[in-house]
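Below is one structure; the comments refer to it alone.
When reading the values below, keep in mind they use all heavy atoms of this one structure, side chains included, and skip hydrogens, waters and symmetry mates.
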Amino acid sequence: MITVPPSFIGMPRWWRDAAGREWLDRLPELVDEVCARWRMRVDGSPMHGSNALVVPVLREREAFALRLTPPGDDVAAEAHALRFWDGRGTVRLFDGDEERGAMVLERLDGSRTLGAEPILPAIEVLAELTRMLAIPATSDIRSTKDIAAELLIAATSTAADTEACPVSDRELRRVIEFAAQRAGAPIADTAVDGDLHFEQVLAGSRMPWIVVDPVLLRGDPEYDLGRVLWSRLDELPGDDDVIRAFDRFVRVAQVPTERARAWVVLRSFSYLTWGIENGLTEDPVRCRRLISLFC
């Protein structure tokens with residue numbers, strides 16, 4: 001049986017999650033069950049991120065990665081996203097068992113993420129992947145327009161409670177203006193990864209860089225540019241550095257500058273309010289900086 005990494009067992013997410021702790025206890029047995037079902041054998045030490053355990057496996061002589069997620073994670077949605085893109089910029093899905101939270105994926109290099117690459121070239125890679133993922137999507141997929149409408153309601157509610165507002169009056173007016181623009185504008189039926197950032201892109205052999213754990217949306221491709229910026233904002237010490245990174249993404253992704261600016265502000269405001277409510281201390285500071293700069 002595999003040995004679950006102590007760093008995964010010790011993550012704070014399990015402290016108040018009884019179902020998650022039970023799942024951790026069963027993981028070695030679960031890996032054996034899934035490997036037997038799909039005629040695979042373990043081929044290395046398990047790895048993990050914040051949400052899943054990944055076990056290198058072999059089926060005959062072909063290398064794969066077995067990914068297992070805890071109860072409550074929406075494996076069906078992720079599997080649907082991977083089948084939708086079918087390897088176009090994303091990791092390939094070969095088998096899935098939603099009940100067990102298991103997927104057999106293309107083997108990537110888990111030791112190399114885009115987060116370790118120099119920031120400006122890495123931003124170009126994300127922009128290129130954004131263009132690659134922007135294929136036609138069906139109208140039943142959740143849209144960035146819907147998310148903007150929800151943000152408009154949230155920002156308007158925040159405006160009514162000035163003491164709780166985490167930004168200035170001028171900035172909040174811009175948030176509301178941007179949300180109204182994106183909620184009211186026509187939207188293209190174009191696929192979007194709603195969780196695209198450096199640590200979600202791994203080195204591969206089929207392509208130099210491949211997206212994992214995508215969240216399928218439709219609408220504005222630059223939707224998550226705010227996360228791209230705040231996740232490595234400390235590497236952009238000056239305002240000119242931030243603008244240079246923003247411009248690089250916009251140019252390579254071929255998206256409208258003003259629309260991209262709107263989404264940087266909206267995503268930063270959304271994560272700022274969530275982060276404050278959940279006790280985060282570092283990311284809210286970064287989000288405030290982006291809001292101040294792009295408003």
Side-chain angles (χ1 to χ4, degrees), residues 85 89 119-120 122-139 141-156 158-159 167 170-198 200-201 211 214-233 236 239-274 286-295:
W85 275 299
I119 186 167
L120 291 181
I123 284 176
E124 286 197 6
V125 171
L126 289 178
E128 290 165 357
L129 287 168
T130 295
R131 289 179 58 199
M132 186 178 297
L133 297 174
I135 60 177
T138 56
S139 60
I141 297 170
R142 177 170 164 79
S143 74
T144 58
K145 180 185 179 84
D146 295 335
I147 295 172
E150 294 168 1
L151 286 171
L152 177 58
I153 294 171
T156 303
T158 300
V167 297
R170 181 189 66 82
E171 290 166 347
L172 184 58
R173 286 194 298 272
R174 288 291 279 164
V175 169
I176 292 172
E177 177 186 337
F178 283 141
Q181 288 175 359
R182 300 319 313 142
I187 192 162
D189 286 328
T190 302
V192 181
D193 180 3
D195 190 24
L196 183 64
H197 56 94
F198 303 98
Q200 299 283 62
V201 180
V211 175
V215 173
L216 177 58
L217 300 173
R218 65 183 175 91
D220 298 335
E222 71 285 354
Y223 163 80
D224 222 17
L225 177 52
R227 186 200 301 262
V228 170
L229 294 174
W230 80 58
S231 61
R232 292 179 65 176
L233 194 61
L236 301 168
D239 290 350
D240 289 346
D241 299 312
V242 180
I243 297 300
R244 188 176 302 112
F246 171 88
D247 288 342
R248 182 84 59 102
F249 183 98
V250 166
R251 175 176 56 80
V252 175
Q254 297 180 4
V255 295
T257 299
E258 283 307 307
R259 202 176 70 191
R261 177 186 294 269
W263 276 117
V264 169
V265 171
L266 293 175
R267 292 289 288 127
S268 297
F269 178 79
S270 175
Y271 194 56
L272 169 61
T273 54
W274 183 90
R286 300 179 181 119
C287 290
R288 281 195 180 97
R289 182 183 170 200
L290 289 177
I291 291 169
S292 175
L293 180 58
F294 286 96
C295 277

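- The two residues Thr144 and Trp263 come nearest to each other via the heavy atoms O-CH2, 3.4 Å.
- At least one side-chain heavy atom of Glu124 sits less than 4.5 Å from a side-chain heavy atom of Arg251.
- Here the shortest heavy-atom pairing between Ala148 and Ala183 reads CB-N, 3.7 Å.
- Using a 4.0 Å cut-off between charged side-chain N and carboxylate O, Arg244 and Asp247 make no salt bridge.
- Between Trp230 and Val242, the closest side-chain pair of non-hydrogen atoms is not below 4.5 Å.
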**Request:** Verify side chain to side chain contact (heavy atoms under 4.5 Å, CB included) between Asp220 and Val192, making sure each step is shown before the conclusion.
**Result:** CA-CA 7 Å; Asp220 298 335; Val192 181; 5.7 Å; no

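- Taking every heavy atom of both residues into account, Leu133 and Trp85 meet most closely at O-NE1, 2.9 Å.
- A salt bridge links Arg261 to Glu258: at least one charged side-chain nitrogen sits closer than 4.0 Å to a carboxylate oxygen.
- Contact record, Ala155 with Leu172: O-CD1, 3.9 Å, taken as the closest heavy-atom pair.
- Side-chain contact between Tyr271 and Arg227 is absent, with no heavy-atom pair separated by less than 4.5 Å.
- Considering only heavy atoms from C-beta on, Leu266 stays 4.5 Å or farther from Tyr223 through its side chain.
- To the nearest 0.5 Å, atoms CD1 (Ile141) and CG (Asp146) are separated by 12.0 Å.
- Residues Thr130 and Glu222 have side chains not in contact (no heavy-atom distance under 4.5 Å, counting atoms from C-beta outward).
- Within the 4.5 Å cutoff, the side chain of Phe249 has no heavy atoms near those of the Leu229 side chain.
- With rounding to the nearest 0.5 angstrom, the CD1 atom of Ile187 is 7.5 Å from the CZ atom of Arg182.
- Atom CG of Leu290 is separated from atom CG of Asp239 by 10.0 Å, given to the nearest 0.5 angstrom.
- A salt bridge links Arg174 with Glu177: the distance from a Lys NZ or Arg NE/NH1/NH2 to an Asp or Glu carboxylate oxygen falls below 4.0 Å.
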**Request:** Take Leu217 and Ile147 through the test side chain to side chain contact (heavy atoms under 4.5 Å, CB included) and record every step on the way to the result.
**Result:** CA-CA 10 Å; Leu217 300 173; Ile147 295 172; 3.9 Å; yes

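- Panel note: side chain Arg170, backbone Cys295; a donor-acceptor pair is recorded below 3.5 Å.
- Closest approach of Val228 to Ser231, counting heavy atoms only: O-OG, 3.2 Å.
- Evaluation of the salt bridge (charged side-chain N to carboxylate O under 4.0 Å, His left out) rule for Arg288 yields no partner, not counting sequence neighbours.
- Arg289 is linked by a side chain to side chain donor-acceptor pair (under 3.5 Å) to nothing, counting only residues two or more places apart in sequence or in another chain.
- Ala134 approaches Pro221 most closely through the heavy-atom pair CB-CG, 4.4 Å.
- Taken to the nearest 0.5 Å, the CG atom of Leu129 stands 9.0 Å off from the CG atom of Asp193.
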**Request:** Report the C-alpha distance between Phe246 and Thr257 in whole Å, list the side-chain angles of each, state the deciding distance to 0.1 Å, and finish with yes or no for side chain to side chain contact (heavy atoms under 4.5 Å, CB included).
**Result:** CA-CA 9 Å; Phe246 171 88; Thr257 299; 3.8 Å; yes

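- In this view, Arg218 and Asp189 satisfy the side chain to side chain donor-acceptor pair (under 3.5 Å) rule, not counting sequence neighbours.
- Ring centroid separation for the pair Phe178 and Phe269 does not come in under the 6.0 Å cut-off.
- Distance alone, capped at 3.5 Å, is enough to place a donor-acceptor pair between the Asp224 side chain and the Leu196 backbone.
- Arg259 is not listed as a side-chain neighbour of Gln181, based on a closest heavy-atom distance of 4.5 Å or more.
- With values rounded to the nearest 0.5 angstrom, Leu216 atom CG is found 12.5 Å from Asp195 atom CG.
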